[in-house]
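Throughout, protein chains are lettered first and strands after them, A, B, ... in sequence-line order, and every chain is numbered starting at 1. What's counted below: heavy atoms across the whole structure, side chains too, no hydrogens, waters or symmetry copies.
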Amino acid sequence: MNMIDHLPALQVIVPLISAPFCILMRNHMLAWAVAVVASGAAFSLAILSMGFVSDGATLTYAMGGWEAPYGIALEIDAFSALLTVIISGASLLALLAGAASARQQLVDEKQPLFFSAWLLALAGLLGITITADAFNIFVFMEISSLASYVIIAAGPHRKALGAVFKYLVMGTIGATFYLIGVGLIYMMTGTLNLEDIALRLNDVSDQRPIFVAAGFITIGLALKAAVFPLHVWMPNAYNYAPHIVSAFIAACATKVSLYVMMRFDFMVFQPNLVGHEFQFSYFFMPLALIAILSGAVVAALSRDLKRLLAWSSVSQIGYIVLGASLTTEAGLTSAIAHMFNHALAKGGGFLIAMGAALYYTTTRFSNLAGLGKEHPWIAAAFVVIGCSLIGVPGTAGFISKWLLVSAALEQGALGVLIISVVVLSSLLAVVYVWKVVELFYFAPRPEGGSSDVMQVRKPEMLLYMLVLGLVAGANIWFGIMPGEPLALAGQAAQALLGGSL
Amino acid sequence: MVWLDLYHYWVFAILLMIGYFSVIAKRNLVKKLIGLSLFQSAVFLLYITMGKVDGGTAPIIGMTDKTDIFSNPLPQVLILTAIVVGISTTALGLSIVVRIKEAYGSIEEDVIHQKDQVE
Amino acid sequence: MIELFNVFLMSMLIITALAMVSSRHLFVTVMLSGFFSLLIAAIFLLLDAADVALTEAAVGAGISTVLFLGALALMDVEETVRGEKWIRIFSLFVVAVTTLALVYAAFEQPAFGDPNAPIHQHVAPWYIQHVPIHMDIPNIVTGILGSYRGYDTLGEVFVVFTAGIGVLSILGDPVKNRRQRVVKKAGLRHYLIPRLVGRTLIPFIVLFGLYVQFHGEYSPGGGFQAGAIIAAAIILFAILEGEDQALKIIPMRGLYFLMASGALLYAGVGVATMLMGGRFLEYGVLADTMVAGQQWGILLIEAGVGMTVTGVLLTIFHAFAARSNL
Amino acid sequence: MEPWIPFQYIPLIPLVGVVAILLGARVNDNVREAATLITALMTALAVWGFAPAVMEGQRFSVTLLDEVLPGIPLALQLEPLGAMFAILAGSLWVVNSVYSIGYMRGNKEKNQTRFYVFFAVSIAAALGIAFAGNAFTLFLFYECLTLSTYPLVSHKGDEKTIKSARIYLGVLISTSICLFLPAVIWVHSVSDGAFAAGGILSGVLSGPEVGLLLGLFVFGIGKAAVMPVHRWLPAAMVAPTPVSALLHAVAVVKAGVFSITKVVIYLFGVDFLFAQSTVGWMLYIAAFTIIVSSLVAIQQTNLKRMLAYSTIGQLSYVVLAVSVLTPLAEVGATLHMVAHAFGKITLFFAAGAIYVAAKKTELYQLAGIGRRMPWTAAAFTIGAISMIGVPPTGGFVSKWYILAGAFQSDNFVAIATLIVSTGLTATYFLPVVYSMWFGKEIEGPVANHGEAPMAMVIALTTTAALTLLFFFLHGPVKVMEQQVLLGAL
Amino acid sequence: MVMLIDILATGLMAIGAFFVFVGGLGALRMPDFYTRMHAASLTDSAGPIFILSGLMVQSESYLVAVKLFAVLVFLLITAPTASNALASASLLAGNKPGLAVKRSSAE
């Protein structure tokens with residue numbers, strides 16, 4: 001069989017295998033190069049597979065030649081293809097842009113370990129996305145979680161340690177909950193393959209264990225996805241992580257958990273459990289609404305760029321969950337599209353923070369004042385990305401807002417409430433984004449503001465600027481012609497509601 | 001008698017409670033980690049229990065020539081993996097605790113919190 | 001009779017757990033947790049899970065206890081602060097809710113040991129039936145672990161690997177840390193008997209480890225248990241003779257290679273099968289017959305697992321020891 | 001004149017200009033300003049090029065992207081209303097940039113490049129609004145205009161300016177997100193949202209829905225400054241005068257009323273609305289705004305603030321005329337858009353000139369300034385009487401049409417409002433004019449100053465002249481206008 | 001014959017169990033650390049000897065018997081070593097034998 005058939009396997013294997021090579025590199029630049037090459041390969045593979053599934057097809061792969069349910073099956077459909085593109089893209093761009101930042105924040109001899117952990121996190125996330133086996137999801141979830149603890153803990157500030165410990169405890173609880181849920185399902189069905197579970201669930205005599213399993217799995221994944229009110233670990237973790245890590249993790253990590261959650265709930269539970277879709281939406285809609293507002297409020301109050309972005313993530317995740325909780329095709333489409341658009345915007349935001357920190361060491365507002373005069377391009381990029389966060393027409397953020405609102409319109413009276421919340425939070429977004437814009441352009445530079453603390457190498461800076469421009473451009477490009485991601489999102493939504501994997 | 005048939009299940013539930021409680025309630029980081037491992041081993045018990053078959057033996061062909069009823073091997077495989085995951089998590093957590101101790105001079109969450117508030 | 005014994009062990013388990021949580025002295029807690037692992041291992045054995053029991057004993061009672069002790073050597077072992085009241089109440093509430101959910105799930109579950117439970121009907125029988133045909137090895141668990149769910153095991157190996165490099169990057173390179181600190185008393189110089197006995201035992205332990213490693217297809221055991229045992233042997237040596245001696249035998253760089261090459265060996269087998277025209281980890285193509293290929297594959301990957309686990313556990317141990325006065 | 005470039009490329013001309021300006025700025029200021037002027041001229045020519053064709057009743061339309069959102073294209077079309085707005089904006093831009101060169105130099109402002117760049121960008125956005133082919137496209141460019149004018153309003157960059165700019169942005173963004181966006185999405189969810197003669201919503205919506213949707217539009221399009229969403233306009237007074245001119249005459253508020261007119265005519269359809277019972281309130285809102293804003297204007301002591309409130313009132317004339325919903329009134333609405341543009345830009349130019357030359361901003365200071373700055377004062381007078389609506393100025397023509405339209409449907413509320421407000425307008429303009437000429441001069445910050453810089457004088461005399469001319473040659477505008485209505489009614 | 005073996009095995013195991021029990025009792029009741037440890041060491045020296053030999057007698061195949069013997073040997077090597085290490089450790093830590101202290105104080 002030719003290599004194309006191996007696509008799903010390679011998608012995971014390539015970064016996985018290159019991780020051990022990373023630690024054997026003695027020179028930190030070499031390790032970085034390995035990481036870049038691996039992510040680049042993963043990204044191109046993702047693009048390739050996206051091409052295959054864009055017409056609604058599904059790529060399947062039987063690991064070890066054992067057909068499911070006896071072996072572990074891999075599967076790439078529209079949804080997972082979109083996710084793989086997001087993940088590998090985020091990793092590649094963050095690595096390219098972050099060369100300088102990594103040198104600034106990490107000790108040289110630790111970098112091989114760091115980048116190897118990075119690759120493991122990447123491989124783990126990809127593995128979760130691609131596999132079609134309930135337990136295999138757990139294994140790769142653990143790879144990605146452990147690896148992300150490691151790379152977050154590499155943050156220079158000692159608060160990073162506390163944040164990571166909290167993340168570790170809550171993450172492990174979440175994973176164990178998931179494991180309990182899978183165990184209960186396995187107890188009642190005797191299989192682990194998602195399709196097979198979906199098939200066998202409806203002739204399970206007693207549904208109560210399944211309900212409980214649904215509960216455990218949903219809560220566990222919600223914990224990992226930082227769905228309000230289980231988000232307490234996230235802001236600090238994103239805030240104190242190394243900037244390069246924040247740019248990567250914030251763009252994709254939580255979305256993967258959301259992906260698993262939606263996939264499990266819509267493909268396994270809702271077709272088989274009576275009235276489960278109502279439980280799902282009534283459980284999540286209020287949480288999402290609160291999350292959207294509270295996250296935006298805290299973001300508007302915060303005095304630190306990364307902190308602001310982290311809290312805005314809380315509210316943006318709220319949008320995704322809200323879209324999903326409508327349990328309609330339009331709603332799901334908006335949710336999935338927002339996964340992509342938010343990845344663009346938030347990844348870009350943390351890139352800005354990275355660049356700012358390169359020059360002013362920290363991302364506190366007091367340090368960043370007047371950035372626009374010294375580094376006009378970074379400031380300009382922030383304006384674009386900020387607009388995308390707000391959802392100004394012509395940017396990617398607007399597309400998903402539009403979809404969400406038009407999806408809410410179908411809901412009638414409830415829709416009005418939803419729309420008003422969305423509108424309100426957009427106004428809050430205006431507040432917190434514009435706070436930063438004014439800070440960049442109109443506030444005076446603080447005297448002796450620690451400017452140019454590290455000598456920045458030209459090529460690194462050039463690379464950073466290129467990536468930043470690329471991301472900002474993408475935010476506009478996908479705001480004007482969102483064709484491909486939107487098409488994928490639509491197909492994914494249909495597949496989810498079609499109830500077939 | 002349903003209740004006694006599920007004895008193992010109750011034990012699992014109780015262990016889970018104990019571990020879970022000490023993860024949430026204890027303020028001492030090492031205690032939290034211990035609770036975490038307790039929490040996980042409870043789940044191991046759940047899996048292994050459901051794999052047991054009456055009158056079955058360990059799923060190794062020809063180890064005992066008495067019977068060819070085997071207990072379910074699949075949960076055992078899963079738990080082998082899960083145990084490994086558990087120890088890895090514990091090791092990582094412990095290393096973080098060590099660093100926290102060095103950075104803050106304490107492993108009591110409240111003390112750490114105060115020290116963060118100070119700066 | 002066996003049931004009764006079972007119940008007795010379980011009750012012991014619960015008592016131990018309660019003691020662990022309630023004791024304010026962390027040293028006691030850690031010791032109890034070792035005991036807890038032994039108990040639960042015994043229970044696993046009674047539940048026909050020989051491999052799991054072996055692993056739990058090697059990991060829970062052995063490695064993790066050592067790790068906790070190594071960490072405690074750096075810390076004040078008294079649990080001083082007691083959480084505020086509302087936290088305890090809140091957590092009690094959360095725990096209660098969780099438990100209620102579990103109780104709700106309990107009713108009309110398949111009874112314990114019921115041969116007609118769904119899990120004994122669907123996938124597992126197929127395994128039991130096909131392991132002899134596909135790979136012809138007695139230990140079904142190893143068969144599933146190595147081949148049918150070999151991808152999971154690959155993931156498992158990489159989890160361990162992650163933990164290894166994680167601890168390294170969080171605690172820093174042991175060798176450097178030792179150089180920074182004052183040289184501690186090397187091992188148990190003035191404990192004659194333990195050193196003597198230990199030295200005599202270490203070869204046997206290693207031997208047993210190798211036995212578990214390569215006999216894994218026939219009896220309980222496999223790469224992971226073997227790795228744990230061999231690592232334990234070397235850790236014992238380090239305790240007796242001191243860090244530096246142990247690091248002389250296997251230097252850090254060597255451990256790096258051990259970790260990496262183990263993982264690479266495993267993944268490499270998969271790639272090889274790909275290049276030889278099979279799926280990833282489809283060992284059948286490795287040799288001319290299906291069975292031989294499968295056996296080769298399982299042997300190789302088990303070796304990979306063993307290498308990585310040994311390397312990682314030793315690395316973690318050194319990393320901790322370099323910080324503490326173990 | 002002949003079209004020399006496809007109309008959908010016209011909005012690109014200013015953007016090309018931006019590049020030219022940025023490059024020019026690297027050389028020196030003259031090159032930069034030359035670039036601005038040339039761009040403005042090109043744009044004006046380009047839009048004028050379409051005037052004849054459109055007058056003969058041709059329509060042009062093109063789809064740029066056929067699927068931005070599912071089933072929603074990014075479409076442009078050129079129809080008389082839009083063409084007129086485009087011509088207005090394009091040609092006034094020329095005058096305005098001549099003026100701003102004088103103003104900027106005379107005032108030694110900072111960041112002049114930024115000023116010219118964003119000016120060009122906002123013109124491009126305004127053209128986009130003019131050519132918008134469906135509700136979505138309209139909204140898109142509307143927001144672009146808001147954002148691109150923000151740097152202009154906050155040009156000075158001091159504390160006070162930033163606060164006012166915040167209000168400006170806050171009001172405009174929040175109204176557009178809270179009301180305009182839902183309205184647009186609503187329209188697109190029930191129809192294809194493409195602007196078409198005679199409206200597309202008749203039969204799709206009914207009863208209260210129509211009123212609600214109309215309300216969303218009228219208040220959502222905050223740029224029209226219908227009370228109570230007018231707060232941003234006085235706040236924006238902190239901007240440099242050319243910007244105020246841009247806001248009040250060239251682009252922004254015009255874009256607002258233009259959008260409302262366009263929505264009423266091409267989305268609802270005049271006769272459809274006329275048949276509705278639930279849209280009468282629009283008239284009353286407009287009337288209320290006119291009266292109140294005039295009363296407020298009377299109390300102002302600062303020249304530019306007074307002008308700002310007068311603008312609010314004058315805009316509501318347009319809304320009023322639209323909501324009278326008779327053909328003549330619609331004609332009047334459009335004519336008034338133009339007439340007010342000429343008049344108000346003249347007034348602002350005059351105010352700016354006085355500020356640059358004499359650094360005077362308060363009304364009482366203007367006493368007797370006419371003897372030192374005859375040209376400026378004359379221009380101001382013309383503008384003022386055009387505001388009041390006295391012949392021979394453009395203001396008279398438009399008011400005439402509106403009144404005629406009101407009589408067509410015996411709409412006495414409108415008639416009364418017009419008459420009363422004319423009186424009020426006279427009350428707050430005539431004293432100023434009087435004191436300018438005959439008042440006894442008082443010492444200002446600058447002793448014995450003369451006229452403003454030449455560029456400014458040229459500009460303001462031109463616009464004053466246009467205001468007069470409009471009284472005699474409003475023909476073309478009317479022709480274009482009427483066939484819109486023939487199409488629409 | 002079989003009967004005899006069974007009796008022997010049961011007897012041996014009973015004795016072993018008795019030793020283990022006594023050891024446990026001692027570990028609880030003895031006055032100070034060293035005496036307790038002495039009692040405890042009984043459980044893993046004398047106890048296993050009897051119990052394992054009982055099992056050996058009963059085991060049906062020689063392989064099993066040999067394995068059991070190996071286990072016994074290991075126990076007999078390691079257990080005393082452990083006790084020794086423990087005792088000397090506590091001695092090093094400055095923990096004086098209690099009875100000795102009492103006697104010296106009595107004189």
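Within the model, atoms CE of Met17(B) and CD1 of Ile14(C) stand 10.5 Å from one another, a figure rounded to the nearest 0.5 Å. Interatomic distance, CD1 of Ile24(B) versus CG of Leu92(C), reported as 9.0 Å (0.5 Å rounding). Here CD of Glu109(B) is found 7.5 Å from CD1 of Ile87(C). Values are rounded to the nearest 0.5 Å. Note that the CD1 atom of Ile140(C) and the CG atom of Leu74(B) stand 11.5 Å from one another [nearest 0.5 Å].
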*Show your reasoning for whether side-chain contact (heavy atoms from CB on, under 4.5 Å) applies to Trp10(B) and Val103(C).*
CA-CA 8 Å; Trp10(B) 300 131; Val103(C) 173; 4.0 Å; yes
*In sequence, state the C-alpha distance, the side-chain angles, and the governing distance for Thr99(C) and Leu16(B), and then conclude on side-chain contact (heavy atoms from CB on, under 4.5 Å).*
CA-CA 8 Å; Thr99(C) 322; Leu16(B) 196 77; over 6 Å; no
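Heavy-atom distances place the side chain of Ile43(C), and not its backbone, under 4.5 Å from chain B. Of the atoms belonging to Val309(C), not a single heavy atom falls under 4.5 Å from chain B. In this structure, the portions of Leu45(B) lying under 4.5 Å from any heavy atom of chain C include both its backbone and its side chain. Contacts of Leu47(C) with chain B are made by both backbone and side-chain atoms, with heavy-atom separations under 4.5 Å. At a 4.5 Å heavy-atom cutoff, the contact between Leu18(C) and chain B is made by backbone and side-chain atoms alike. Looking at Ser23(C), only its backbone comes within 4.5 Å of chain B, counting heavy atoms on both sides. Only the side chain of Ile40(C) comes within less than 4.5 Å of a heavy atom in chain B; its backbone stays farther off.
With chain C as the partner, the residue from Gly51(B), Gly35(B), Ser37(B) showing the most heavy-atom pairs under 4.5 Å is Gly51(B). Note: Ala49(C) leads Ala49(C), Ala163(C), Ser37(C) in heavy-atom pairs under 4.5 Å with chain B. Comparing Thr98(C), Leu45(C), Asp51(C), Val131(C) by how many heavy-atom pairs each has under 4.5 Å with chain B, the most go to Thr98(C). Contact count versus chain B (heavy atoms, under 4.5 Å) is highest, among Tyr127(C), Tyr148(C), Phe224(C), for Phe224(C). Ranking Thr55(C), Ile316(C), Ile119(C), Val159(C) against chain B, the residue ahead of the rest is Ile119(C), based on heavy-atom pairs under 4.5 Å. The candidate from Val23(B), Leu15(B), Leu78(B) with the greatest count of non-hydrogen atom pairs under 4.5 Å with chain C is Leu15(B). Contact count versus chain C (heavy atoms, under 4.5 Å) is highest, among Leu33(B), Ile96(B), Ile83(B), Ile79(B), for Ile83(B).
When every heavy atom of Val52(C) is checked against every heavy atom of Leu80(B), the shortest pair comes out as CA-CD2, 4.0 Å. Residues Lys101(B) and Leu74(C) share a closest heavy-atom pair of CE-O, 3.5 Å. When all heavy atoms are compared, the tightest approach of Asn139(C) to Pro59(B) is OD1-O, 3.9 Å. Nearest approach of Val95(C) to Tyr20(B), heavy atoms of both residues: CG2-CD2, 3.9 Å. Among all heavy-atom pairs drawn from Met20(C) and Lys31(B), the shortest one is O-CE, 3.4 Å. Across every non-hydrogen atom of Val97(B) and Met75(C), the tightest pair is CG1-CE, 3.4 Å.
The side-chain hydrogen bond (donor to acceptor under 3.5 Å, both in side chains) pairs that include a residue from residues 39-53 of chain B are Lys52(B)-Asp48(C), where partners are two or more places apart or lie in different chains.
Looking at heavy atoms from C-beta onward, Thr81(B) lies out of side-chain contact with Arg149(C) at the 4.5 angstrom threshold. At a threshold of 4.5 Å between non-hydrogen side-chain atoms, the residues Tyr218(C) and Ile60(B) do not count as touching. The shortest distance between side-chain heavy atoms of Leu26(C) and Asn28(B) falls below 4.5 Å. Using a 4.5 Å heavy-atom threshold, the side chains of Ile144(C) and Gln76(B) count as separate. At least one side-chain heavy atom of Leu38(B) sits less than 4.5 Å from a side-chain heavy atom of Val21(C). Side-chain atoms of Phe36(C) and Ile34(B), non-hydrogen and from C-beta on, never get closer than 4.5 Å to each other. Within the 4.5 Å cutoff, the side chain of Phe12(B) has heavy atoms near those of the Leu102(C) side chain. Between Glu156(C) and Val85(B), every side-chain heavy-atom pair lies at or beyond the 4.5 Å cut-off.
Qualifying ring pair (Phe, Tyr, Trp, His ring centres under 6.0 Å) partners for Tyr151(C), counting only residues two or more places apart in sequence or in other chains: Phe140(A).
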Donor-acceptor contacts under 3.5 Å from residues 59-67 of chain C side chains, at least two apart:
from     : atom 1 : to       : atom 2 : distance (Å)
Ser64(C) : OG     : Gly60(C) : O      : 2.7
Thr65(C) : OG1    : Gly60(C) : O      : 3.1
Thr65(C) : OG1    : Ala61(C) : O      : 2.7

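Scanning residues 87-95 of chain B against chain C with a 4.5 Å heavy-atom cutoff picks out Ile87(B), Ser88(B), Thr90(B), Ala91(B), Leu92(B), Leu94(B), Ser95(B), ordered by number.
Atom NE2 of His25(C) is surrounded by more than 12 heavy atoms from other residues, nucleotides or ligands within 6.0 Å.
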